[in-house]
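Computation of the quantities below employed the complete heavy-atom set of this structure, encompassing side-chain atoms and omitting hydrogens, waters and symmetry-equivalent molecules.
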Amino acid sequence: MLKGTTGCGKTRFVEYMAFRFKRPLYTVACHEDLFASDLIGRYLLKNDETIWMDGPLTRAVRIGAICYLDEIVEARKDTTVVIHPLADDRRELPIDKLGQLLTAPETFML
């Protein structure tokens with residue numbers, strides 16, 4: 001976890017880490033209206049069909065990228081609870097709507 005005042009370089013540091021590790025970076029600006037589906041994904045209507053669209057957290061897990069949750073303390077508690085099994089030793093992301101359990105590769109960073 002990075003902690004510091006506004007403008008001290010937290011985001012720039014994460015961007016530099018992604019550059020140095022040669023990893024894609026997904027940045028999510030957290031706020032009180034952020035839902036778990038905004039992170040994980042949701043079903044969308046496209047033309048005459050319903051398709052699943054991965055959220056930024058799911059995309060980062062699938063490809064082993066870095067996912068930066070900017071201002072995570074601003075997010076709703078029921079939203080942040082979805083990252084618990086991903087942030088601990090299990091390194092798993094449950095996607096209930098798909099009935100999937102993704103295991104994060106070693107290259108994934110949160």
Side-chain angles (χ1 to χ4, degrees):
M1 184 167 98
L2 299 174
K3 189 174 179 180
T5 58
T6 301
C8 72
K10 299 178 298 290
T11 301
R12 181 68 64 201
F13 176 72
V14 173
E15 290 170 348
Y16 181 71
M17 283 178 38
F19 169 77
R20 290 285 294 176
F21 291 137
K22 296 179 175 65
R23 304 295 327 136
L25 174 63
Y26 290 86
T27 300
V28 179
C30 298
H31 50 83
E32 62 188 25
D33 294 326
L34 183 75
F35 291 97
S37 59
D38 296 323
L39 293 174
I40 295 175
R42 60 175 48 98
Y43 283 104
L44 298 173
L45 294 174
K46 185 174 183 180
N47 300 325
D48 289 337
E49 59 183 333
T50 303
I51 61 165
W52 174 260
M53 179 68 76
D54 282 344
L57 181 60
T58 302
R59 287 193 303 270
V61 170
R62 289 190 195 277
I63 66 170
I66 297 172
C67 185
Y68 176 43
L69 301 176
D70 192 13
E71 300 293 342
I72 187 70
V73 296
E74 300 296 327
R76 302 158 38 115
K77 186 140 181 93
D78 61 332
T79 298
T80 59
V81 74
V82 301
I83 69 168
H84 290 173
L86 188 57
D88 65 19
D89 64 318
R90 294 172 284 180
R91 295 182 54 83
E92 296 175 336
L93 178 64
I95 305 176
D96 295 334
K97 291 179 181 177
L98 295 178
Q100 292 181 354
L101 183 64
L102 298 181
T103 300
E106 288 294 317
T107 56
F108 172 77
M109 293 180 219
L110 181 62

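In this structure, the separation between NZ on Lys10 and CD on Glu71 is 6.0 Å, given to the nearest 0.5 Å. Within the model, atoms OG1 of Thr50 and CG of Leu44 stand 9.0 Å from one another, a figure rounded to the nearest 0.5 Å. Note: Asp38 CG to Cys30 SG = 10.0 Å, rounded to the nearest 0.5 Å. In this structure, CG on Leu110 lies 7.5 Å from CD1 on Ile72, to the nearest 0.5 angstrom. Note that OH of Tyr68 is 8.5 Å distant from CD of Glu15, once rounded to the nearest 0.5 Å. Rounding to the nearest 0.5 Å gives a distance of 9.0 Å between CG of Leu86 and CD of Glu92.
Within a 6.0 Å sphere centred on CE of Met17, heavy atoms belonging to other residues, nucleotides or ligands number more than 12. Atom OH of Tyr43 sits in a crowded spot, with more than 12 heavy atoms from other residues, nucleotides or ligands closer than 6.0 Å.
No donor-acceptor pair under 3.5 Å is formed between the side chain of Arg76 and the backbone N or O of Asp33. In this structure a side-chain-to-backbone donor-acceptor pair under 3.5 Å is missing from Arg23 to Met109.
Partners of Thr107 by side-chain hydrogen bond (donor to acceptor under 3.5 Å, both in side chains), not counting sequence neighbours: none found. In this structure, Glu74 has no salt bridge (Lys or Arg N to Asp or Glu O under 4.0 Å) partners at least two apart in sequence or on a different chain.
Placement of Leu34 and Ile95 within a single hydrophobic cluster is found when ILVMFWY residues are connected by side-chain heavy-atom separations under 4.5 Å, directly or transitively. Residue Tyr16 is not grouped with residue Leu2 when hydrophobic side chains (ILVMFWY) are merged at heavy-atom distances under 4.5 angstrom, including chains of intermediate members. One hydrophobic cluster, built from ILVMFWY side chains closer than 4.5 Å, holds both Leu93 and Ile83. Leu102 and Val82 fall within a single hydrophobic cluster, where Ile, Leu, Val, Met, Phe, Trp and Tyr are joined by side-chain heavy atoms under 4.5 Å apart, directly or via other members. The cluster map of Ile, Leu, Val, Met, Phe, Trp and Tyr, joined by side-chain heavy atoms under 4.5 Å apart, puts Phe13 and Phe21 in the same cluster.
Of all heavy-atom pairs spanning Ser37 and Arg42, the tightest one is OG-NH2, 3.0 Å. Nearest heavy-atom pair across Ala18 and Leu25 is CB-CB, 3.8 Å.
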Return all side-chain donor-acceptor pairs below 3.5 angstrom for residues 54-64, not counting sequence neighbours, or 'none' if the list is empty.
{"unit_1": "Asp54", "atom_1": "OD1", "unit_2": "Trp52", "atom_2": "NE1", "d": "2.6"}
{"unit_1": "Asp54", "atom_1": "OD1", "unit_2": "Arg62", "atom_2": "NH2", "d": "3.4"}
{"unit_1": "Asp54", "atom_1": "OD2", "unit_2": "Arg62", "atom_2": "NE", "d": "2.6"}
{"unit_1": "Thr58", "atom_1": "OG1", "unit_2": "Ile40", "atom_2": "O", "d": "2.6"}
{"unit_1": "Arg59", "atom_1": "NH1", "unit_2": "Asp54", "atom_2": "O", "d": "2.6"}
{"unit_1": "Arg62", "atom_1": "NH2", "unit_2": "Gln100", "atom_2": "OE1", "d": "3.4"}

What verdict does the side-chain contact (heavy atoms from CB on, under 4.5 Å) test give for Thr80 and Leu69, after you've listed the backbone C-alpha separation in whole Å, the side-chain angles of each residue and the deciding distance to 0.1 Å? CA-CA 10 Å; Thr80 59; Leu69 301 176; over 6 Å; no

